[in-house]
2 protein chains.
Amino acid sequence: MEQISPPLTSDDSARPISPAPGETLTEAAYFAIRRDIISGALAPEERLRIERLSRLYGVGPTPLREALQRLCAAGLVHASGNKGFAVAPLSMDEFTDLTIARVAIEEQALRLSIEHGDDAWESQVAATAYQLNKKDVALIASGEVALSDWEAANSAFHAATVAACGSRWLLTLRGRLNEQVERYRLASVALRRADRDLVHEHADIATAVLNRDADRASALIAQHFRKTATLLAGA
Amino acid sequence: MEQISPPLTSDDSARPISPAPGETLTEAAYFAIRRDIISGALAPEERLRIERLSRLYGVGPTPLREALQRLCAAGLVHASGNKGFAVAPLSMDEFTDLTIARVAIEEQALRLSIEHGDDAWESQVAATAYQLNKKDVALIASGEVALSDWEAANSAFHAATVAACGSRWLLTLRGRLNEQVERYRLASVALRRADRDLVHEHADIATAVLNRDADRASALIAQHFRKTATLLAGA
DNA sequence: CACTTTCATTTTGTCGATAATTCATGCGAT
DNA sequence: ATCGCATGAATTATCGACAAAATGAAAGTG
């Protein structure tokens, strides 16, 4: 989540992972590899040889294999027969597929959230909407504001809107999908300075949500996601 | 999927798994353990000690650990710190949560499928609906027909209806959810002879789908799932 | 030129050692 | 006398090194 796009591949500089407190090496490796796959430091379809990863992260083979198995279940890594692991590929088909699923889940989560959300939820939505608006304006103005800041605010706002949907499973699935989309986002630089009117898009969504207008919020979020998808695809 | 509810726990009878052709031991172990968790042979919250599993399935510790990591990502197993693995617990909260997510995904998948489905899809829906109807009738009549047969038909019908949704991700997520629900289904015997009018429920769904009435199909499927949930909960 | 056989690389599985955790036991305090 | 706490031993998970199986490629032969 930190670095946007480091020296992509062939970055064999050792980046040893901290064993972390009360965390198993397997988990540490899992998070480290996931981060590097999402950020693109490990390129799509790149083969993940154990020995190399072992040198890279300074971890033994066993925790690495276990971490890779988990990533495999998460869909970020592909494991074929006896031919080892590789970073999951990136394709347009997969991306449109992903967008469909994402819209479906976000729409439903949003509807449920609007239906069940209480006052605290409303406050949170309003608060994150306000923060995001500030970041949106700053982004337009200074062109190259701290991007990770904006991303955090963006993510927080969208998370807040669906937080009251009442299903941890729905949110978990949503998280997994976002994880995947993040890869495409970061893979394409086009999205950065796309001159879309984010200020109004987000403001409209926030308004619809706070007005409890499920149909309108649903339509707007679908449009919002699809626009992102179109921009990313056309770039 | 085969056995409904074998001697539950303390079944330490060796059930060695076949290495399978062109399949790695890790995968074999993964499927075997998943089957036993879903079927209830491995009880909820039961601790999964490596040594014991090793004796049970006749597999070394490493493949087992890797399989458990994957199951962990799938949500069927919980892994805590350095305290080993355990079968994921079953709770009412989790179940209602699950039902919400399931309805959300199935509704959307169904709508998309109705929108995009072609003639081949229609045929498949009609065919599986016909088969399921036969099994439904048989189930009512003979009281205790081959249950696995009925389940296969039921599963095939519902799968057919959403098959044309156009998103592999949506279907994958749906599969994961169904996996979880299956555990609750099999854990409760109440569902078996629940005298609900399955014949008509299924027939109505099939009719709505084939008539391309997305709203009605959506409503029916939600009702269908929620009824299952209610029956299961009340038992 | 195609097919087979062999060899090297890579992945997978087994084993033994280390480190963490849990349970039981004994001591001290209330 | 009982409850709480600390200590120690046994159990258990985690890790890294070694060995076996499988895959892919190259070379040799029909």
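The chains referred to below are lettered A, B, ... by the order of the sequence lines, with proteins before strands, and numbering in each begins at 1.
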B:E51 CD - D:dA10 P separation (whole Å)
17 Å
Please check the phosphate of C:dT11 (OP1 and OP2 only) for any side-chain N or O of B:T24 closer than 4.0 Å.
no
Earlier contact from the 5' end, DNA chain C, for B:R47 and B:T62
B:T62
Is a donor from one side chain sitting under 3.5 angstrom from an acceptor on the other, for A:E94 and B:W169?
yes
Side chains of B:E66 and A:Q69: is there a donor and an acceptor less than 3.5 Å apart?
yes
Spacing between B:F85 atom CZ and C:dA20 atom P, to the nearest angstrom
18 Å
When the distance from CZ of A:R52 to P of C:dT9 is rounded to whole Å, what number comes out?
19 Å
Under a 4.0 Å threshold between the charged nitrogen and the carboxylate oxygen, would A:K135 count as salt-bridged to A:E151?
no
From CG of B:L48 across to C1' of D:dT12 the rounded distance in Å is 14 Å
Start with the C-alpha distance between B:F157 and B:H202, add both sets of side-chain angles, then the distance that settles ring pair (Phe, Tyr, Trp, His ring centres under 6.0 Å), and finish with yes or no.
CA-CA 9 Å; B:F157 168 65; B:H202 283 142; 5.8 Å; yes
Given D:dG16, D:dT14, D:dC15, which nucleotide is nearest the side-chain atoms of B:N82?
D:dT14
Over 60° means perpendicular and under 30° means parallel, so classify the ring planes of A:F95 and A:Y184, tilted if in between.
tilted
Kindly say if A:R49 contacts the phosphate of C:dT10, meaning a side-chain N or O under 4.0 Å from OP1 or OP2.
yes
Please determine if A:R34 and A:E179 form a salt bridge, counting it only when a charged side-chain N lies under 4.0 Å from a carboxylate O.
yes
Selection: residues 64-75 of chain B, any non-hydrogen atom under 4.0 Å of DNA chain D:
B:R65
Roughly how many Å is it from NZ in B:K83 to P in C:dT21, rounded to a whole number?
8 Å
Protein-nucleotide distance (B:E27, atom CD; C:dT11, atom P), rounded to Å
15 Å
